[in-house]
Amino acid sequence: METMPNALIFFPNGQPAYITRNIYSKSSTKSFLKGFENFDTLLNRLNTAIGSIHTKTYSHIAVVIDQLVAASILTKEKFLSQLVFSWLIANGSADMKNFGLAQTSRGDLVMAPLFNMIGTRLHELGPELALPGGLFTGDRDTSEFREYGHYTRNEFTDLATRMGLSSLRTKKILDHFVAGVDQVDSLIEKAFLPDEAKNIFKYNFKERRNRLR
């Protein structure tokens, strides 16, 4: 996953610290990018064109992409990947302000690199998704959600279909996240976290990953 430039540093006493560039600064993005707008701001600007939206869902991000981005299909695929990744790491604060579009030096709009990605379940229990409207209007009315009481591969597949993505590409994206659990364990083990926090992170990731099978 593409992220904002970041680094791990150590203070003289050995304590680690994570630093990252501010995506809202025009000079902070990678050299080929300039400027950034989050989807909350962009959707509010487009409300007059697409009608007033009372309850925001992640499917509304696809509406913004269709309105503003030339390569909309590729951009929506990248957004789906970012959203699934954020959900897998139990980031309960990933609202529309945590995703956005950046402009390239050629003037094209692309999905901005990921930023503010944190496993909030390490600190508190909360809803699986930050937006009160969920993935799309009625996502909690599917037979799978009513049976299991949480999101599964079915709802993300349904979201992708509503965004106009092909079933083949959607399957490839979701299958990519299902694979590679050993590498995830290795990364978590390297984290500067107490063992209890590592175990919570592993549990949440594996439990959600299993729902994507």
| message | Nearest 0.5 Å, please: how far is CG in L129 from CG in L83? | response | 7.0 Å
| Mind checking whether R213 and R153 have side chains closer than 4.5 Å, heavy atoms only? | no
| field | T170/E77 under side chain to side chain contact (heavy atoms under 4.5 Å, CB included): CA gap, chis, key distance, verdict | value | CA-CA 8 Å; T170 300; E77 287 181 356; over 6 Å; no
| Is L80 reachable from L74 through a run of hydrophobic residues whose side-chain heavy atoms are each under 4.5 Å from the next? | no
| Step-by-step salt bridge (charged side-chain N to carboxylate O under 4.0 Å, His left out) determination, R140 to E155 | CA-CA 8 Å; R140 299 174 182 87; E155 287 75 43; over 6 Å; no
| Regarding S86 and N91, is there a side-chain donor-to-acceptor distance under 3.5 Å anywhere? | yes
| Among side-chain atoms of N44 and T41, is any donor-acceptor pair under 3.5 angstrom? | no
| task | Please round to the nearest 0.5 Å and tell me the distance separating atom CG of L43 and atom CE of M96. | result | 5.0 Å
| Can D185 and K206 be counted as an ion pair, charged N to O under 4.0 angstrom? | yes
| query | side chain to side chain contact (heavy atoms under 4.5 Å, CB included) between V69 and V64: does it pass, once the steps are laid out? | reply | CA-CA 8 Å; V69 182; V64 176; over 6 Å; no
| message | Would the distance check show the side chain of R121 and the main-chain N or O of I200 forming a donor-acceptor pair, the cut-off being under 3.5 Å? | response | no
| query | Under a single-linkage definition using a 4.5 Å side-chain heavy-atom cutoff for Ile, Leu, Val, Met, Phe, Trp and Tyr, are L159 and L168 assigned to the same hydrophobic cluster? | reply | no
| field | Heavy-atom donor-acceptor pair, E128 side chain to G134 backbone, under 3.5 Å | value | no
| task | Could you grab the distance from atom OH of Y148 to atom OG1 of T142, nearest 0.5 Å is fine? | result | 10.5 Å
| message | When you group the ILVMFWY residues by side-chain heavy-atom contacts below 4.5 Å and let the links chain together, are F201 and M1 in the same group? | response | yes
| F156 vs W87 aromatic rings, parallel, tilted or perpendicular, using cut-offs 30° and 60°? | tilted
| Quick one: does L212's side chain get under 4.5 Å of T152's, heavy atoms only? | no
| said: Under a 3.5 Å distance rule, please check whether S59 uses its side chain to pair with a backbone N or O of F136 as donor and acceptor. | reply: no
| note | Shortest non-hydrogen pair, P5 vs T20, comes out as O-OG1, 3.1 Å
| Can you check side chain to side chain contact (heavy atoms under 4.5 Å, CB included) on K202 and E189, steps first, answer last? | CA-CA 9 Å; K202 287 180 184 179; E189 282 301 323; 2.4 Å; yes
| request: Might you work through the side chain to side chain contact (heavy atoms under 4.5 Å, CB included) test for Y18 and F192, ending with a clear yes or no? | output: CA-CA 10 Å; Y18 167 80; F192 288 85; over 6 Å; no
| query | Does any non-hydrogen side-chain atom of T157 lie less than 4.5 Å from one of L174? | reply | yes
| message | Rounded at 0.5 Å granularity, tell me how far CG in L193 sits from CG in L122. | response | 6.5 Å
| query | If every non-hydrogen atom of L114 is compared with every non-hydrogen atom of F99, which pair is closest and at what distance? | reply | CD2-CE2, 4.3 Å
| query | Hey, any chance I118 and I23 share a hydrophobic cluster, counting ILVMFWY side chains that come within less than 4.5 Å of each other, even indirectly? | reply | no
| query | Considering only heavy atoms from C-beta outward, does the side chain of L135 approach that of T57 to under 4.5 Å? | reply | no
| Taking a hydrophobic cluster as the set of Ile, Leu, Val, Met, Phe, Trp and Tyr residues connected by side-chain heavy atoms closer than 4.5 Å, whether directly or through intermediates, do I89 and V178 fall within one such cluster? | yes
| field | Side-chain ion pair, D108 and R106, N-O less than 4.0 Å | value | yes
| field | Reported CZ-to-NE2 distance for the pair F85 and H176, which is rounded to 0.5 angstrom | value | 9.5 Å
| said: Using every non-hydrogen atom in the two residues, find where A17 and F11 come nearest and quote the distance to one decimal. | reply: CB-CE1, 3.5 Å
| Going by heavy atoms in the side chains, are L68 and L42 under 4.5 Å from each other? | yes
| request: Go through the steps for F39 and Y58 under the test ring-ring contact (aromatic ring centres under 6.0 Å, His included), then give the verdict. | output: CA-CA 10 Å; F39 281 113; Y58 290 100; over 10 Å; no
| task | Hey, could you give me the NZ/CZ distance between K172 and F177, rounded to the nearest 0.5 Å? | result | 13.0 Å
| N98 (side chain) donor-acceptor with N116 (main chain) under 3.5 angstrom | yes
| Under 4.0 Å between a Lys/Arg side-chain N and an Asp/Glu carboxylate O for E37 and K97? | no
| remark: I173 and S81 have their tightest heavy-atom pair at CG2-OG, 3.4 Å
| request: Check the surroundings of atom CZ in F10: do more than 12 heavy atoms from other residues, nucleotides or ligands lie under 6.0 Å from it? | output: yes
| field | Residue pair T55 / P132: nearest heavy atoms and the distance that separates them | value | CG2-C, 4.4 Å
